[in-house]
Amino acid sequence: MSFYRYLSTTVKSSSGNFQPPILSGVVKQLSKFSSQNELIEYSQRPIEYIYPNNMIEACSPQNSTPIDLIKTASDLRDQLLVRLAHCLYSFQSIPFLPAANPTLLSLHERYLKSFENLARFSKIETINDEEKFHEFINRFFIQNNDVIGLLSTGCNEAQKYFKSYKVLKDFLDNVLHKRLSMRLLTEHYLELHKQQKTNQINSDWRGAISMKFSPAKVAQQCINDVSSICFETYTVVPHIELENNIHEPVPFFPNIVEYILRELLKNSMRAVVEYNKISFGKMQNVKKYFDDNRDKPLCKVVISSDPVDEVFTIAIRDEGGGINASYDEIFRYMFTGNVTEADEANKEETEEIGILSDFQERMVQS
Ligand SMILES: Nc1ncnc2c1ncn2[C@@H]1O[C@H](COP(=O)(O)OP(=O)(O)OP(=O)(O)O)[C@@H](O)[C@H]1O
Ligand SMILES: [Mg+2]
């Protein structure tokens, strides 16, 4: 089965189109930054694409050369330095006012510090060096769990200070692409390290890539998680039907799919509950409607693959009233449902805002 092409497309697009940066602005602002020469050097280097099929082949048990953790660590150090330098360039390229936003500034400083610390790992040549590097990468991975939330908060707060939407979009596209590829590469290395050190090399995993990834299993797990959070928040849960048309496992990065599915299911469940709350008024009536209609799915997840097995698709359809916005608007950063204005109208609906933000908060925590 050849899903490799799809995997390659995913990672290639996550690296974005490389634009060689012009660094004079960066250099001026970073005169006190001790690794500025390295920063200039790395930010002028193009991003080297890493293809998942190569990642899989490199750690296949059939491969005559076993994984060399020292070399893998050393390569990762280089790849992260280039990507961090490109991210820093993006931060340096935004106008002064958004750049001064405290949330964006703290993220910028965090990336600078990471770059500086990483640049200090001059060479990884021994097992000991690799162990130290592994500890560093582990911290780096955990520390950056909140990047998406911080970017979202910072850009929301500062969006009116960006000169145009294009400036905001270019900034977010660049940082998110680099961040995604750093995340995948880091996670892959951490898994390889764990598998080698604990001798847990098995045919189901190649680093962070699951060779037996089952979209249906992950979808069901996400449905269960989001359903229980929906219940805690609203006391009702719409029934979600899962239609699975892929019966063979595929190689994939499970965490990415899980992240996206949870976000989409969260949107669907929220829409279905909120929409029916408007129609039925009380939550008890919504519950009765959901119970009476268990055979008629208000939300459906369909998993399929194309005839030549090049891609798989996970589609989510719901009866939550749809989105009253154009295609272009929906895919703009910062697009969100305009719940607040409508809800100012009456007190009961103001409580709804509380429920809504509570739902979002629980999702973030989970
Ligand atoms: N399935 C859906 N049905 C109806 N409206 C939807 C659906 N999915 C998204 N929307 C609308 O699109 C808006 C944007 O969704 P998006 O997931 O990007 O952000 P959000 O849900 O508002 O915030 P967050 O995902 O960060 O909690 C939502 O606020 C909602 O109004
Ligand atoms: Mg959402």
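Atoms considered below: every heavy atom in the structure, side chains included; atoms not considered: hydrogens, waters and symmetry mates. Counting starts at 1 for both ligands and their atoms, in listed order.
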Ignoring hydrogens and angles, state whether a donor on the side chain of Asn144 or Arg110 is under 3.5 Å from an acceptor on the partner side chain.
yes
Where the closest heavy atom to atom 8 (N) of ligand 1 is concerned, which of Asn267, Asn156, Leu264, Leu265 has it?
Asn267
Reported NZ-to-NZ distance for the pair Lys287 and Lys282, which is rounded to 0.5 angstrom
16.0 Å
Atoms of ligand 1 under 4.0 Å from any heavy atom of Gly322, numbered from 1 in the order shown, are 4 (C), 5 (N)
Which of the atoms of ligand 1 are close to Ala271, meaning less than 4.0 Å from one of its heavy atoms?
2 (C), 3 (N), 4 (C)
Hey, quick one: are Met269 and Tyr259 part of the same hydrophobic cluster, counting side-chain heavy atoms closer than 4.5 Å, chains of contacts allowed?
yes
Between the side chains of Glu57 and Asn53, does any donor sit under 3.5 Å from an acceptor?
no
Using only heavy-atom distances, determine whether the side chains of Asp129 and Thr126 contain a donor-acceptor pair under 3.5 Å.
yes
The answer for which part of Tyr275 has a heavy atom under 4.0 Å from ligand 1 is neither
Out of curiosity, is Gly321 lining ligand 1, as in a heavy atom under 4.0 Å away?
no
If you count the atoms of ligand 1 from 1 in the order shown, which ones are under 4.0 Å from a heavy atom of Lys266?
24 (P), 25 (O), 27 (O)
Asn117 and Arg120 side chains, donor-acceptor separation under 3.5 Å
yes
Are Phe133 and Tyr189 close enough that their ring centres sit under 6.0 Å apart?
yes
Is any N, O or S atom of Thr336 under 2.8 Å away from the Mg ion (ligand 2)?
no
Classify the contact between Ile330 and ligand 1 as side chain, backbone, both or neither, using a heavy-atom distance cut-off of under 4.0 Å.
neither
Quick test of your reading of the structure: of Arg270, Glu263, Arg262, whose heavy atom lies closest to atom 20 (P) of ligand 1?
Arg270
